[in-house]
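Scope of the values below: all heavy atoms of this structure, side chains included, with no hydrogens, waters or symmetry mates. Start at 1 with the first residue, then count along the sequence.
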Amino acid sequence: MSPKEERDALIRRLGEQAARAYLADWRKWRRPGQTTPEGEWRTWLVMAGRGFGKTRMGAEWVRALAERRGRLRIALVGATLAEARAVMVEGESGLLAIAPAGQRPDWEPSLRRLRWPGGATAYLYSAAEPDTLRGPQHHFAWGDEIAKWPQGQAAWDNLTMGLRLGSQPRAMATTTPRPVPLLRALMARGDTVITRGRTADNRAHLAADFVRSMTQTHGGTRLGRQELDGELIEDVEGALWSRGLIERCRVRAMAERRRLVIGVDPPAGIGADACGIVVAALGADGRAYVIEDASVAGLGPEGWARAVASAARRHEADRVIAEANNGGAMVESVLRAAEAALPVTLVHASQGKAARAEPVAALYETGRVAHVGAFPALEDEMCGLAIGGDYRGPGRSPDRADALVWALTALMLGRRGEPAMRLVG
């Protein structure tokens, strides 16, 4: 039984009056990830995917303050006044909808004002008009979808300069992440507490078809990781690949296969870095297709060699291209031990990872490479490789990206790839 079904069954047993009281008590059925953080903080940043329940969290936080603390002044700031009204006040999870009987605030749209029976007052503001926040003072503030505020930093600065009433003024910010300066600045502050979450965390209260469709369509892509998983996805300045470039090269299916290779970047030691294992095929249309990232981590030579052999059998690979800089004889012997008939070609790198990746990145620029589906870990490494040799991606080394380079060089560059590698034996 799902959490929603359990809750509905409990409500049926309680009866209408008790059910209303139960539903009005957010603390009884909120998820642990929706709990207000304890301790000393100035800003609570809720950065999560769509449908996570960010709006409900913001509204419940404001409601709790307004009902318990008497004559407070609270700022409600949206990207525009229309959005603040439609979402924060009048929306399905807004302040009017969640208010229990007897505690519903008086809503005065013409004055952009909410007034609770206990004396608390909330005022609506537009982030598109930051100067309207310059004079007013408040005890607390809730800013919604701050990553899409048109004049984000100016609006936030004016808002927080007016947070000076009471002994501990605080702000809550709810948003789906975008790589904007305001979000980066808040995340870097020591007095910011961050709550993260995914759309799937709230699947009990979302249509199953919606979750399934969004996951199938956008799972693993930049849009999906941002809008569904709540990740902050940024481009590295000077990177060989940008997120936008990879998205333009994403497809659902490949053309008829002509040749398939597996690029392998073996780890230097046991349990050190990952073993990059990337499968790519040449289509009948002359385009290369990346079809699997089979990389593994934390395994000894026998373990990663078995992973390579398994990928080769699974895809009926024509060849395995393995880097041999760290013990070529050992690399070949462990691969042969895993699968005696494995067609292995060893290559030695004569340039750094970024240098030999440059001609491969150029293939993406001209539309000659496609990704069949999404490969988040691999793509993060690709977007961390910068011109000039710097690596600013996850992990110590771009092992997956290096395996990709070996595979695509073998498929697409032929002997033109020789400046970056040379065959062994």
Exercise: identify the closest heavy-atom pair between Ala322 and Leu335: CB-CD1, 4.1 Å
Results of side chain to side chain donor-acceptor pair (under 3.5 Å) for Arg113 - residues two or more places apart only: Glu108
Expected output: side-chain Gln151 to main-chain Pro130 donor-acceptor under 3.5 Å: no
Donor-acceptor contact present, side-chain Glu381 to main-chain Ala401, <3.5 Å: yes
Minimum heavy-atom distance Ile146-Thr175, with the two atoms named: N-OG1, 3.5 Å
Asp285/Arg287 ion pair, N-O < 4.0 Å: no
Flag side-chain contact, heavy atom, 4.5 Å: Val360 against Leu413: yes
N-O pairing of Asp380 and Arg243 below 4.0 Å: yes
Full working for side chain to side chain contact (heavy atoms under 4.5 Å, CB included) between Asp399 and Ser295: CA-CA 9 Å; Asp399 310 292; Ser295 304; over 6 Å; no
Within residues 179-205 or reaching into it, pairs that qualify as salt bridge (Lys or Arg N to Asp or Glu O under 4.0 Å) - sequence neighbours excluded: Arg184-Glu234, Arg189-Asp191, Arg198-Asp229
Gln103 side chain vs Pro100 backbone, donor-acceptor pair below 3.5 Å: no
Heavy-atom check, side chain of Leu65 versus side chain of Trp116, under 4.5 Å: no
Leu346 CG to Glu332 CD distance, which is reported to the nearest 0.5 Å: 5.0 Å
Arg368 side, atom CZ; Tyr289 side, atom OH - distance, nearest 0.5 Å: 12.5 Å
Donor-acceptor pair, side chain of Trp304 and main chain of Gly276, under 3.5 angstrom: no
Atom pair CG (Leu95) and CG (Leu124), whose distance is rounded to the nearest 0.5 Å: 9.0 Å
Non-hydrogen atoms of Ala141 and Leu159 that approach each other most closely: CB-CD1, 3.7 Å
Side chains of Leu378 and Val290 in contact at under 4.5 Å (non-hydrogen atoms): yes
Heavy-atom check, side chain of Thr217 versus side chain of Arg252, under 4.5 Å: yes
Main-chain N/O of Leu363 paired to Thr366 side chain as donor or acceptor, under 3.5 Å: yes
Donor-acceptor under 3.5 Å (Thr215 side chain, Arg212 main chain): no
Distance, nearest 0.5 Å, that separates CZ of Arg178 from CG of Leu183: 10.5 Å
Minimum side-chain heavy-atom gap Leu240-Glu358 below 4.5 Å: yes
Min side-chain heavy-atom separation Glu231-Pro376 under 4.5 Å: no
Any Arg42 side-chain heavy atom under 4.5 Å of Pro169 side chain: yes
Intermediate values then yes/no, side chain to side chain contact (heavy atoms under 4.5 Å, CB included), Val87 and Glu145: CA-CA 10 Å; Val87 176; Glu145 289 298 346; over 6 Å; no
Val331 vs Val344, side chain to side chain contact (heavy atoms under 4.5 Å, CB included): CA-CA, chis, key distance, verdict: CA-CA 10 Å; Val331 170; Val344 178; over 6 Å; no
Carboxylate-amine/guanidinium contact Arg250 Glu379, below 4.0 Å: yes
Side-chain donor/acceptor of Tyr391 to backbone N/O of Pro394, under 3.5 Å: yes
Heavy-atom pair of closest approach, residues Leu385 and Pro398: CD2-CG, 3.9 Å
Exercise: identify the closest heavy-atom pair between Ser126 and Ala79: OG-O, 3.6 Å
For Trp142, all residues meeting side chain to side chain donor-acceptor pair (under 3.5 Å), sequence neighbours excluded: Thr174
Pairs involving residues 308-319, ordered by first then second residue, that meet salt bridge (Lys or Arg N to Asp or Glu O under 4.0 Å) (sequence neighbours left out): Arg257-Asp318, Glu292-Arg314, Arg313-Glu339
Polar side-chain atom of Lys54 near backbone of Ala173 as donor-acceptor pair, under 3.5 Å: no
Within residues 79-91 or reaching into it, pairs that qualify as salt bridge (Lys or Arg N to Asp or Glu O under 4.0 Å) - sequence neighbours excluded: Glu83-Lys148, Arg85-Glu90
Side chain Thr43, main chain Leu45, donor-acceptor under 3.5 Å: no
Residues Glu323 and Arg356 bridged, charged N to O under 4.0 Å: yes
Nearest-0.5 Å distance that lies between atom OG1 in Thr160 and atom CG in Asn158: 8.0 Å
Step-by-step side chain to side chain contact (heavy atoms under 4.5 Å, CB included) determination, Val296 to Cys275: CA-CA 5 Å; Val296 294; Cys275 177; 4.1 Å; yes
Minimal non-hydrogen separation, Ala410 against Arg259, with atom names: O-NH1, 3.6 Å
Polar side-chain atom of Thr199 near backbone of Leu228 as donor-acceptor pair, under 3.5 Å: yes
Geometric class of the Phe140/Trp61 ring pair [parallel <30°, tilted 30-60°, perpendicular >60°]: perpendicular
Pairs flagged by salt bridge (Lys or Arg N to Asp or Glu O under 4.0 Å) wherever residues 44-53 is involved - sequence neighbours left out: Arg50-Glu227
Mutual orientation of the aromatic rings belonging to Phe375 and His371 [parallel < 30°, tilted 30-60°, perpendicular > 60°]: perpendicular
From Ile321 atom CD1 to Asp265 atom CG, the distance as rounded to the nearest 0.5 Å: 13.5 Å
